[in-house]
**Q** 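Quick one: the structure is below, questions incoming.
Labels below follow one simple rule: chain letters A, B, ... track the order of the sequence lines, proteins then strands, and each chain is numbered from 1. Heavy atoms only: backbone and side chains are in, while hydrogens, waters and symmetry mates are out.
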Protein chains: 2
Amino acid sequence: MTEGKNPLPKPGSPVRGSQSGQPIMVLFDLLSRRWALGVLWNLSDQNRTFRDLQARCGSASPSVLNTRLKELRAVGLVEKAADGYALSQTGRALFSRLEPLGDWAMKWVPTL
Amino acid sequence: MTEGKNPLPKPGSPVRGSQSGQPIMVLFDLLSRRWALGVLWNLSDQNRTFRDLQARCGSASPSVLNTRLKELRAVGLVEKAADGYALSQTGRALFSRLEPLGDWAMKWVPTL
DNA sequence: TGTATTGCTACTATAATAGTAGCACAATAA
DNA sequence: TTATTGTGCTACTATTATAGTAGCAATACA
């Protein structure tokens, strides 16, 4: 790695040591941060307040949730609305690719 | 949380403080561990050795990679083959739901 | 003028990961 | 037989991320 920290994905730069810089790895890096997927998922059906999200994201501490929300807003997946946080149009596009995981998880998780 | 650590998802128990226990959250918890998505992705086209995976997963340290592989094997997404690690049938089923993210990332990431 | 709710920030403790070294084993070469 | 090389790890320390808790400023409402 040529850089020290990587708090946020930035144009053209790889993220958190993913090195390759392949788009999918950049995306994976973002999504593999704690509660990132959960936030996107919980915003998919309706806008939610900070504390609502917190409640739905299990034990997410406010500091982490806030960090995650900042990141997701910084990359334009989430935005603020009058009634709380919301998925942006881009966020919704991403969610539509995530959605199939829901059905699959419902079938698979019980088999664990 | 009523339990201390949560090294592996177990039947019927929520994971890493996801509390709700919703299948999708259990899955998200698993996938949001470092390099989990990367491993699945890199195994999708061919089997790979430990060191090959390591190289493809950026700076993944062997200890973490090994932990991740153990977890993914424990839940039956990955298995060992003669020529290294491989996606199981279940793993391939999951990957097919993940795959659309690749195309999307290629369009989206450059806009960051 | 309280009182409650919300969106945070700050701080400490713990868990996860990075980074590095190195060992046991198998295959290959000399 | 003895190197030599490559591979799959394990062990250990340093750093980073997250959990868990407290609390404050702002707004809404009573």
Side-chain angles (χ1 to χ4, degrees), chain A residues 1-9 14-20 25 28-39 42-43 46-74 78-86, chain B residues 1-10 13-20 25 28-39 42-43 46-74 78-86:
Chain A
M1 261 195 298
T2 56
E3 36 199 325
K5 294 178 61 172
N6 238 322
L8 278 183
V15 196
R16 265 212 310 202
S18 64
Q19 254 181 13
S20 72
M25 289 303 176
F28 281 173
D29 179 79
L30 190 67
L31 296 185
S32 69
R33 297 175 187 197
R34 202 88 177 88
W35 301 118
L37 282 164
V39 165
N42 281 301
L43 289 180
Q46 61 181 275
N47 297 357
R48 299 195 184 277
T49 66
F50 188 91
R51 281 179 129 104
D52 186 6
L53 273 177
Q54 219 188 323
R56 286 170 182 275
C57 290
S59 59
S61 45
S63 48
V64 180
L65 183 57
N66 187 40
T67 303
R68 215 66 343 126
L69 284 167
K70 270 185 196 165
E71 291 169 359
L72 292 173
R73 289 173 66 195
V78 166
E79 51 195 25
K80 277 206 174 187
D83 56 346
Y85 289 94
Chain B
M1 264 198 293
T2 55
E3 36 199 327
K5 295 178 63 173
N6 237 322
L8 279 182
K10 282 181 197 142
S13 67
V15 195
R16 269 210 310 200
S18 65
Q19 255 182 15
S20 72
M25 289 304 176
F28 280 174
D29 178 80
L30 190 67
L31 296 185
S32 70
R33 297 174 188 198
R34 203 86 177 91
W35 301 117
L37 282 164
V39 164
N42 281 300
L43 288 180
Q46 60 182 275
N47 297 357
R48 297 195 185 277
T49 65
F50 188 91
R51 282 177 130 103
D52 187 6
L53 274 176
Q54 219 189 322
R56 286 169 182 276
C57 288
S59 59
S61 44
S63 48
V64 180
L65 183 56
N66 187 41
T67 303
R68 216 69 338 130
L69 284 167
K70 271 186 196 164
E71 291 170 0
L72 293 173
R73 289 174 65 193
V78 166
E79 52 196 22
K80 277 206 174 189
D83 56 344
Y85 289 95

**Q** Under 4.0 Å: is that the gap between some side-chain N or O of Arg33(B) and OP1 or OP2 of dA16(C)?
**A**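 So the side chain of Arg33(B) is outside the cut-off, no N or O lying under 4.0 Å from OP1 or OP2 of dA16(C).
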**Q** Grab the CZ-C1' distance between Arg68(B) and dA15(C) for me, whole Å please.
**A** 12 Å
**Q** So, for Ala36(B) and Leu31(B), which heavy atoms are closest and what is the spacing to 0.1 Å?
**A**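 Result for this residue pair: CB-O, 3.9 Å.
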**Q** Would you please name every residue forming a side chain to side chain donor-acceptor pair (under 3.5 Å) with Asn66(A), sequence neighbours left out?
**A**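 Counting only residues at least two positions away or on another chain, Asn66(A) forms no side chain to side chain donor-acceptor pair (under 3.5 Å).
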**Q** Rounded to whole Å, how long is the line connecting atom CZ of Phe28(A) with atom P of dT17(C)?
**A**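 For the pair Phe28(A) CZ and dT17(C) P, the rounded distance is 16 Å.
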**Q** Using whole Å, report how far CZ of Arg34(B) lies from C1' of dA18(C).
**A**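 My rounded result for the distance is 10 Å.
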**Q** State whether Trp35(A) places a side-chain N or O below 4.0 Å from either non-bridging phosphate oxygen (OP1 or OP2) of dA19(D).
**A**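 Affirmative; the distance criterion is met.
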**Q** According to side chain to side chain donor-acceptor pair (under 3.5 Å), who are the partners of Ser32(B), at least two apart in sequence or on a separate chain?
**A** Arg16(B)
**Q** Got a second to check how far Lys70(A)'s NZ is from Arg73(A)'s CZ, nearest 0.5 Å?
**A**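 Here the interatomic distance stands at 9.5 Å.
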**Q** In whole Å, what is the span from the CG atom of Leu65(A) to the P atom of dC8(C)?
**A**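 Nearest whole value for this atom pair: 9 Å.
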**Q** Check the interface with nucleotides 4-10 of chain D: list each N/O to N/O pair with the protein under 3.5 Å, or write none.
**A**
residue: dG8(D); atom: OP1; partner: Phe50(B); partner atom: N; Å: 3.3
residue: dG8(D); atom: OP2; partner: Phe50(B); partner atom: N; Å: 3.0
residue: dG8(D); atom: OP2; partner: Arg51(B); partner atom: N; Å: 2.9
residue: dG8(D); atom: N7; partner: Arg51(B); partner atom: NH1; Å: 2.3
residue: dG8(D); atom: O6; partner: Arg51(B); partner atom: NH1; Å: 3.4
residue: dC9(D); atom: OP1; partner: Lys80(B); partner atom: NZ; Å: 3.4
residue: dC9(D); atom: OP2; partner: Lys80(B); partner atom: NZ; Å: 3.2
residue: dC9(D); atom: OP2; partner: Tyr85(B); partner atom: OH; Å: 2.0
residue: dT10(D); atom: OP2; partner: Asn66(B); partner atom: ND2; Å: 2.1

**Q** Expressed in angstrom and rounded to an integer, what is the separation of Asn47(A) atom CG from dG7(C) atom P?
**A**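 Whole-Å distance recorded here is 12 Å.
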**Q** Output the distance between atom CG (Asn42(A)) and atom CG (Asp52(A)), rounded to the nearest 0.5 Å.
**A**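 Spacing of CG (Asn42(A)) from CG (Asp52(A)) equals 8.0 Å.
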**Q** Residues two or more places apart in sequence or in another chain: which of them pass side chain to side chain contact (heavy atoms under 4.5 Å, CB included) with Leu43(B)?
**A**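 Per chain and number, Leu43(B) pairs via side chain to side chain contact (heavy atoms under 4.5 Å, CB included) with Val39(B), Arg48(B), Leu53(B), Val78(B), Tyr85(B), Leu87(B).
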